[in-house]
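Below is one structure; the comments refer to it alone.
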Amino acid sequence: MQTKLHRWAAADPGRRFDDLFNFVHDPATLLMAFDRVAGNQGANTPGVDGLTVAGIEERIGVPGFLDDLRAALRDGSFRPLPVRERKILKPGGSGKVRKLGIPALADRVVQAALKLVLEPIFEADFEPVSYGFRPRRRPHDAIAEIHHFGTRGYRWVLDADIEAAFDNLSHSFVMDRVRARVKDKRVLALVKAFLKAGVLTELGEQRNTHTGTPQGGILSPLIFNIALSALDEHVMAPWNVNGLVVLPVGGQ
């Protein structure tokens, strides 16, 4: 399924995909999504509902849990719960904190299912110079690319940071970017529902989310990349000629 979606997206950059929702709630997709969630480091860190992977396996059983989740998706009764806020210290001894948002277990599974379906489509659009939060890519690959160009006349590296990037992501902008590729209204509604799910703070206060996507959400890195791909396209535009990257001799 993923191979076909990626191939179709790469073959037709203007294609808007419909009927994706059936892939999202397909039993095989949900089972793979649950396995992905169970394999994560935070599998037994509960969200606001208190459920963990171990608890599901011991008390409810995975088949029954997934059957109920699939039924809720199909009849439209599924609603994401607010993420549980958890603050952790940033590395480096600065004393600054990073806010994590821990989704409920069912929400993590649905997000993982959405990612399985959406990622192959948007991967066809992302620039080859993009490395963050992408499958089979890592920071070491970006460093190797810098070394590669450093031996071919390039002498400058620009290091920049977007302050609180995940927290300040524009919902309307990212939804416009998603709609450019996704026509299925049920999938669009799910993505928007996760963006608007809200936060339960460490003090027990519920806060609406008008911007941002929570760090800690399985879908968040893909959502962030979909938004930031606009910046990649803008930066790379001078070098893209008929879909090919053309670099000046000697570098800049």
Within a 6.0 Å radius of atom CZ on R15, are there more than 12 heavy atoms belonging to other residues, nucleotides or ligands? yes
Name all residues meeting the side chain to side chain donor-acceptor pair (under 3.5 Å) criterion together with D75; count only those two or more places apart in sequence or in a different chain, and write none if there are none. S77
Under a single-linkage definition using a 4.5 Å side-chain heavy-atom cutoff for Ile, Leu, Val, Met, Phe, Trp and Tyr, are I60 and F34 assigned to the same hydrophobic cluster? yes
Would you name the heavy atoms of M175 and L188 that are closest together and state the gap between them? CE-O, 3.6 Å
When you check the gap from the basic side-chain N to the acidic O, do D67 and R70 get nearer than 4.0 Å? no
Write down the atom of L169, the atom of A227, and the distance for their closest heavy-atom approach. CD1-CB, 3.4 Å
Working to the nearest 0.5 angstrom, can you tell me the gap between M1 CE and N22 CG? 11.0 Å
Is there a side-chain contact between L51 and I56, using heavy atoms and a 4.5 Å cut-off? yes
D125 with R181: basic N within carboxylate O range, under 4.0 Å: yes
Determine, using the 4.5 Å side-chain heavy-atom cutoff (strictly less than), whether V48 and I88 are members of one ILVMFWY cluster. no
Side-chain heavy atoms of L5 within contact of E119, under 4.5 Å: no
Is V199 reachable from V191 through a run of hydrophobic residues whose side-chain heavy atoms are each under 4.5 Å from the next? no
Give me each pair satisfying side chain to side chain donor-acceptor pair (under 3.5 Å) with a member in residues 222-233, each pair once, sequence neighbours excluded. R177-S229, R177-E233
Check each of Q2, R134, H6 against E123 using the side chain to side chain donor-acceptor pair (under 3.5 Å) test, and report the only one that passes. R134
